[in-house]
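Please read the structure below before turning to the comments.
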Amino acid sequence: MSQDTEQDMKDSMMAALENVIDPELGIDIVNLGLVYDVQLADDDIAKVTMTLTSIGCPMGPQIVDQVKTALGELPEVKETDVNIVFNPPWSKENMSRYAKIALGVR
């Protein structure tokens, strides 16, 4: 895959992930800064490295299911592998300007 094609695929994957809303905050996981990396492996498996707003987040399994559903709608993706990491830990600084305004975070 050329670098341009790879970047286009990442952009498509991130756009799909903007449809995954954190149920507690009502903002999508991309604008919250929860998605650290997305890649499409040679075997058409989407690899997502992301975190949750807290280690004990009760919505974790639901969010993972939504990630798999959102990426599964892309024709290039056959399967999705979600890797939840807590290092680096999520903080409010990860949020986009849009998310900060929507949540009233300064």
- prompt: Which residue pairs pass the salt bridge (Lys or Arg N to Asp or Glu O under 4.0 Å) test with at least one member in residues 12-31, sequence neighbours excluded?
  reply: none

message: Please enumerate all residues that pass salt bridge (charged side-chain N to carboxylate O under 4.0 Å, His left out) together with Asp37, with sequence neighbours excluded.
response: Lys10

field: Sole candidate of Ile29, Val35, Leu34, Leu32 that passes side-chain contact (heavy atoms from CB on, under 4.5 Å) when paired with Thr51
entry: Leu34

task: Group every Ile, Leu, Val, Met, Phe, Trp and Tyr by side-chain heavy-atom contacts under 4.5 Å, then state whether Leu52 and Val64 land in the same group.
output: yes

- request: Give every residue pair that meets the side chain to side chain donor-acceptor pair (under 3.5 Å) criterion with at least one member in residues 54-68, sequence neighbours excluded.
  value: none

task: Working to the nearest 0.5 Å, report the span between CG of Asn19 and CD of Glu73.
output: 7.5 Å

message: According to side-chain contact (heavy atoms from CB on, under 4.5 Å), who are the partners of Asn87, at least two apart in sequence or on a separate chain?
response: Pro89

- request: Supply the atom-to-atom distance Thr53 OG1 to Lys92 NZ, rounded to the nearest 0.5 angstrom.
  value: 12.0 Å

- request: Measure the CG-CG distance between Asp8 and Leu40 for me, rounded to the nearest 0.5 Å.
  value: 12.5 Å

query: Who are the side-chain hydrogen bond (donor to acceptor under 3.5 Å, both in side chains) partners of Ser96, not counting sequence neighbours?
result: Asn31

message: Between Ile101 and Met95, is there shared hydrophobic-cluster membership here, with clusters defined by ILVMFWY side-chain heavy atoms closer than 4.5 Å?
response: no

message: Quick check: is Tyr98 connected to Met14 through a chain of hydrophobic side chains (ILVMFWY, heavy atoms under 4.5 Å apart)?
response: yes

- request: Keeping the roles fixed (side chain from Tyr36, backbone from Pro88), state whether a donor-acceptor pair exists under 3.5 Å.
  value: yes

Would you give me the side-chain donor-acceptor pairs under 3.5 Å for residues 78-86, sequence neighbours excluded?
unit_1 : atom_1 : unit_2 : atom_2 : d
Lys78  : NZ     : Asp44  : OD2    : 2.8

field: Non-neighbouring partners of Lys47 that pass side-chain hydrogen bond (donor to acceptor under 3.5 Å, both in side chains), sequence neighbours left out
entry: none

message: Using the rule that Ile, Leu, Val, Met, Phe, Trp and Tyr join whenever any side-chain heavy atoms are under 4.5 Å apart, tell me whether Val48 and Ile45 fall into a single cluster.
response: no

- request: Give the minimum heavy-atom separation between Ile21 and Gly26, together with the two atoms involved.
  value: CG2-C, 3.5 Å

query: Among all residues two or more places apart in sequence or in another chain, which pass the side-chain hydrogen bond (donor to acceptor under 3.5 Å, both in side chains) test with Glu93?
result: Ser91

query: What about Val38 and Met9, same hydrophobic cluster or not, with Ile/Leu/Val/Met/Phe/Trp/Tyr joined at side-chain heavy-atom distances under 4.5 Å?
result: yes

- request: Taking all heavy atoms of Ala70 and all of Ala16, pick out the closest pair and write down the distance.
  value: CB-O, 3.6 Å

task: Look up atom CE in Met13 and atom CD in Gln39, then write down how far apart they are to the nearest 0.5 Å.
output: 8.0 Å

